[in-house]
Amino acid sequence: MQAFTLPEFYVPHPARMNPHLEAARAHSMAWAREKGMLDSPSPSGDAVWTEEALAKMDYALLCAHTHPDCDGPSLDLVTDWYVWVFFFDDDFLAQFKYTRNTEGAKAYLDRLELFMTGPGETSPEPENPAEAGLQDLWARTIPSMSEAWRRRFVTSTHNLMVESLWELDNIDRGRIANPIEYVQMRRRVGGAPWSANLIEYTVGAEVPDKIAATRPMEVLRDTFADAVHLRNDLFSYQREVREEGENSNAVLVFEKFLDCPTQDAAELTNDLLTSRLQQFENTALVEVPALLAEHDVSLPEQIGVGLYVKGLQDWQSGGHEWHAKSSRYMNEGPVSGVNGPAGLGTDSLRLSPNRLGLVQRTRQQAPAPFAPVGHLPLPEFRMPYPIRTSPHLAAAREYAPTWARAMGMFDAVPGVEHGAIWDERRFRGFDFPHCAAMIHADSDLEQLKVSSDWLAWGTYGDDYFPLIFGMRRDPVAAKLCSDRLSLFMPLDGEPVPEPANPVELGLVDLWNRTAGPLSPPARADFRRAIESMTASWVWEVANQAQNRVPDPVDYVEMRRRTFGSDLTKSLARLELGDVVPPEIYQNRVLYELDTAAQDYATFTNDLFSYQKEIEYEGEVHNLVHVVERFLAVDRIEARDIAARLMNARMEQFEQLADEDLPRMCDDLGLDDEIRAVLTRYADNMKEWMSGILEWHRKCVRYTQGELERSRTPEPPVFSLKPSGIGMSAWRIGSAAR
C-alpha cells in the first residue's frame, strides 16, 4: 500500500523522447556488465544489481527523456554517467549505510576521488565497479570540456559522493534534518547540480565562466536542483523511508517538523516544488536577459545560455516522465490523479489549478500594502549562550551620533516625504553601539567604533533603498546606485568620485578605516561581501517592482545577504587573520555553522520587525509574511513556524559547534593553532547571535511608540556636509583586522 496519494504536479513543458533510446539501452547494459556492476555482491550476499533490475530501472529511458536532442554517442555517454551514479548510490547504501560503517565509507570515498584526475595526473588501478566506471567516464568526458567546466564538475561530483556521509551520520544518530538544512544539504548530496553540469555537455554549450557564479545562474542551478530533488523525494518516499529506513527525504522532513500527516507533508513538498519551478521561470525570463546585457555576453554565448536553460527545462519534464514509469519509484496508478489524454508528453495537458501552478502564482502576488496587522506577540526563543558587553560602550554611544551626523545621515534626502530618513533622536534610540558592544565584547574602543559605524551604515542603506527606489518601483536606478558603490571601495588606491549621498560618504570613510591594512586578496573578498549586500537590496526593489512575494527558499537565502551576514562573516574572518586555509571554510560543517547562525539572526529580525515592515513600510520581505502567503495561514501560525525554524537552526548550530566541529578538526588532522582559531570563530558567532537577540529586545526601533513617531518625524536639521571629512583622523591602522 502506498504511503500517500501522489499530488498533482506542475509540469509546464511536455516531455520529449530522444530517437537513440534503444541503442543507449543496449550500450548501457553492456557497459554496466563490463565494469562489474551486474551481480556485484553486497555485504548481505545479495547482488546490488542484476541485469533484470537494471533493465527495469531503465536509465536509458531517463536520459532519452531528459536529453531529447543530443546525438547517439552523447546519449550513450550521459546514460553511462547515470548508470554509474545510481549504482554508486545503491552500492554505498548496501556497503555502508545499512552496516553503519562510517570509517569504511570515508576510506571508500577518499579513494574514489582519486579517479577524478587533473591535468598530468594518473589514477590508480580500479578495485571495484564504482572506481572502474568513474575512471572510464572521466577519460571519455573531460577532453571535450573546458578547464572551468572540469572544476565545476569535480565540485559537484565530490559533493554528491562525500556528502553521503551527512546522510549516513543522520541515520546513525536517528536525526531528521530541519527543512532549511535539508534543502541546502540535498543540493550537495543529491545529483541535480551534477546533472546540470552534464546538460552543458549534452547541449554542446558551456555557461560562460564570467557569469557562472552570478546570482541568476546560481538560482537557475539551485531551483533546478531543488525541483529535481523534491520530485524525487515524492516518488521515492515509499522505497527510501518505508522500505530502506532512510531519513533524508523532504516529505519526512516536513512530516516531522510540522507534525502533520504524511499526505499533508506530500502536498507541501509539491507546493514547494511548484514554487521553485516558478522561481526558475522568473529568473530565466527576468534576471538572465539583464545579466547577459550587463556582462556584454557575445551572441554565440547568449545562444549557449539559451540552450542551457532549455536543457534544464527538458530535464525537468523528462525526469518527471521517467519517475512516473520507472520501477524504482512509487508510481502505482495515475500519477496525476486526473483523467485526460494519455501518452508521452500529454501529462501537462491535463489541466487543473495545481497543474497550471495557479495556486502558488496567486500566493506570490503581494497583497495590498500597509495592511494594519498590529503588534505581533513573540514567543520564547532558544538562546543557550550568555551575553557579554564591552566596557567601552558608554564612550561608543557618545561618539556614534557625531559620526552619523558627519556622514549626513540626519540630513534631508530628496524624495523622502518627511525630509530625513533618520534624525538624531531616532538614531540614539537605535543604539548601534549597544549591538556592537555585545557582538564584539573584547574589542578596544577604536574597533568598537568601527563595528558600530558598520552597523549604522548597513541599516541606513537598508532603509535608504526601499524609500528612494522601492517606493517608486525603480530597480534600474537601484542597481545603478549599487554599482556606483563599488567605486568607493578601491582595491589598489584608485581615485574615487565625490560622494553624492550619505550611503556613499559613509562607505568611503568605513572602507578607508577597514580595508586599508588588508592584503590584496582579503581586500577583494571584503569588497565582494559588501557588494553582495548592496546587490541584495536591489533584489528587494525588483520584487517590489513585480509586486511579488519571494519564493520561501530564495527568501531565506537572500535574507542572509540583505541582513549583511556576508559582511559580518567577512569582518569576523578578518579579525581571526589568515591562519585557516580558505578551503576549510567550504567544509560542510563550517558552511552549515555559518548559515545556521545567519538564519537565527535574520529570523530574529523578521519576528521583531513584522509590524514595522508590513504595516508601516508596505514591505513583503519578512519571513512571517512569506510563510503566511506560501502556506495560506494567519500571522500567528506563520509566527510559530518562523520561531520553530529559528529554534531548529539554533539546535543545529549547537550540534555543529559542540560535536561536528571537533570531529571535523580530527578528520582533517588540523593543528592546534587552526583548531583554536576555528573554536574562536564559533564562539564569536555565539556572541553574535546572543547580542543580536538582546539588541532587538532593548532597541526602540520596533516599538509601537517609535513606529508611530516615524510617521510624523521631527523637522529635519539641515547641515553642511564636511568636504574632506578628515579621513586620516578616522583610520585605525592595523587594529582593524
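No experiment lies behind these values; they were computed from the predicted model shown. What you see below is based on every heavy atom in this structure, not just the backbone, and it leaves out hydrogens, waters and symmetry mates.
Put simply, the residue from M383, M646, E694 that forms a side chain to side chain contact (heavy atoms under 4.5 Å, CB included) with T604 is M646.
Judged by distance alone, with hydrogens and angles left aside, the side-chain atoms of S275 form no donor-acceptor pair with the main-chain N or O of D271 at under 3.5 Å. At distances below 3.5 Å, at least one donor-acceptor pair connects side-chain atoms of R629 with backbone N or O atoms of R363. Listed for the R561 side chain is no donor-acceptor partner under 3.5 Å among the backbone atoms of E557. With hydrogens and angles ignored, the 3.5 Å screen pairs no side-chain donor or acceptor of T269 with any backbone N or O of L230. At least one donor-acceptor pair under 3.5 Å links the side chain of Y600 to the backbone N or O of R382. Side-chain atoms of R426 come within 3.5 Å of backbone N or O of I421 as a donor-acceptor pair.
For R649 and E592, the salt-bridge test passes: some basic side-chain N is under 4.0 Å from an acidic carboxylate O. Between R701 and E706, no side-chain nitrogen of the basic residue sits less than 4.0 Å from a carboxylate oxygen of the acidic one, so the salt-bridge criterion is not met. R173 has a carboxylate O that lies under 4.0 Å from a charged side-chain N of D660, or vice versa, which qualifies the two as a salt bridge.
No hydrogens or angles considered: nothing links the side chains of E321 and S317 as a donor-acceptor pair under 3.5 Å. T274 and Q360 share no donor-acceptor pair across their side chains, judged by distance under 3.5 Å alone. A donor-acceptor contact closer than 3.5 angstrom is absent between the side chains of T562 and S536. Side-chain atoms of E181 and W166 form a donor-acceptor pair, as typed in the model, at a separation below 3.5 Å. The closest side-chain donor-acceptor pair between N159 and R187, if any, does not fall under 3.5 angstrom. For the residue pair H13 / D314, no side-chain donor-acceptor distance below 3.5 Å is found, with atom types taken as modelled. Side chain to side chain, Y10 and N270 fail the donor-acceptor criterion of an N or O pair below 3.5 Å. When only modelled atom types and interatomic distance are considered, Q364 and N282 share no side-chain donor-acceptor pair under 3.5 Å.
M685 and A597 make their closest contact through SD-CB, 3.9 Å (heavy atoms, listed as atom of the first residue, atom of the second, distance). The minimum heavy-atom distance between F653 and A682, with the atom names listed, is CZ-O, 3.8 Å. Shortest non-hydrogen contact noted between A196 and L312 is CB-CD2, 4.1 Å. When all heavy atoms of I171 and N247 are compared, the pair lying nearest together is CG1-OD1, 3.7 Å. A pairwise comparison of heavy atoms in A366 and V549 identifies CA-CG2, 3.7 Å as the closest pair. Summarising the geometry of A642 relative to L623, their closest heavy-atom pair is CB-CD2, 3.7 Å, with the distance given to 0.1 Å.
The closest side-chain heavy-atom distance from L378 to Y610 is not below 4.5 Å. At a threshold of 4.5 Å between non-hydrogen side-chain atoms, the residues V253 and P179 count as touching. Side chains of N170 and I176 form no contact here, defined as non-hydrogen atoms less than 4.5 Å apart. Taking 4.5 Å as the limit, some side-chain heavy atom of E654 sits within range of a side-chain heavy atom of E651. In this structure the side chain of Q611 never reaches within 4.5 angstrom of the side chain of L376, judged on heavy atoms. Contact check for R215 versus M558: side-chain heavy atoms found under the 4.5 Å cut-off. Residues I692 and F563 form a side-chain contact, since some pair of their non-hydrogen atoms from C-beta on lies under 4.5 Å apart. The shortest distance between side-chain heavy atoms of F257 and R644 falls below 4.5 Å.
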- Task: For side chain to side chain donor-acceptor pair (under 3.5 Å), just list the numbers for Q655 and E659, CA-CA rounded to whole Å, side-chain angles, deciding distance to a tenth of an Å, and then say yes or no.
- Result: CA-CA 6 Å; Q655 176 198 301; E659 302 176 27; 5.4 Å; no
- Decide side-chain contact (heavy atoms from CB on, under 4.5 Å) for I439 and W695; before the verdict, give the C-alpha distance in whole Å, the side-chain angles of both, and the deciding distance to 0.1 Å. CA-CA 10 Å; I439 65 179; W695 178 77; over 6 Å; no
- Message: Would R560 and D594 count as a salt bridge (charged side-chain N to carboxylate O under 4.0 Å, His left out) here? Give the steps.
- Response: CA-CA 10 Å; R560 297 166 189 162; D594 280 341; over 6 Å; no
- Would you check, one step at a time, whether the test side chain to side chain donor-acceptor pair (under 3.5 Å) holds for E167 with S248? CA-CA 6 Å; E167 292 184 318; S248 183; 3.1 Å; yes
- Message: Test side-chain contact (heavy atoms from CB on, under 4.5 Å) on D599 and L645; report intermediate values, then the result.
- Response: CA-CA 9 Å; D599 291 345; L645 283 169; over 6 Å; no
- Task: Test side-chain contact (heavy atoms from CB on, under 4.5 Å) on V553 and L272 and set out the steps.
- Result: CA-CA 9 Å; V553 176; L272 187 58; 3.9 Å; yes
- Message: Between E240 and N232, is the side-chain contact (heavy atoms from CB on, under 4.5 Å) condition met? List the steps.
- Response: CA-CA 10 Å; E240 291 181 345; N232 178 267; 4.1 Å; yes
- Message: Between Q279 and T283, is the side chain to side chain donor-acceptor pair (under 3.5 Å) condition met? List the steps.
- Response: CA-CA 6 Å; Q279 174 69 53; T283 304; 3.1 Å; yes
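Here the CZ-CG distance, from R588 to L593, works out to 10.5 Å after rounding to the nearest 0.5 Å. Note that CG of D606 and CD1 of I614 are 9.0 Å apart. Values are rounded to the nearest 0.5 Å. Here the straight-line distance linking atom CG of D226 with atom OH of Y182 works out to 10.0 Å at 0.5 Å rounding. Rounding to the nearest 0.5 Å places CH2 of W539 at 4.5 Å from NE2 of H621. Atom CG in L234 sits 9.0 Å away from atom CD in E267 (nearest 0.5 Å). Remark: F4 CZ to Q238 CD distance equals 8.0 Å, nearest 0.5 Å.
The aromatic rings of Y329 and W322 sit perpendicular to each other, their planes meeting at more than 60°, with 30° as the lower class boundary. In this pair, F235 and H320 present their aromatic rings perpendicular. The plane angle is above 60°, beyond the 30 to 60° band. Taking the six-membered ring where tryptophan is involved, the planes of F465 and W537 are tilted, since the angle between them lies from 30° to 60°.
By the 6.0 Å contact criterion, CG on D259 is open, its count of non-hydrogen atoms from other residues, nucleotides or ligands being 12 or less. Counting non-hydrogen atoms of other residues, nucleotides and ligands closer than 6.0 Å to NZ of K256 gives a total of 12 or fewer.
Stacking of R188 on the aromatic ring of Y591 is recorded, both the 6.0 Å distance cut-off and the 45° axial limit being met.
Residues forming a ring pair (Phe, Tyr, Trp, His ring centres under 6.0 Å) with W422 (at least two apart in sequence, or on another chain): F427, F430, F432, Y460.
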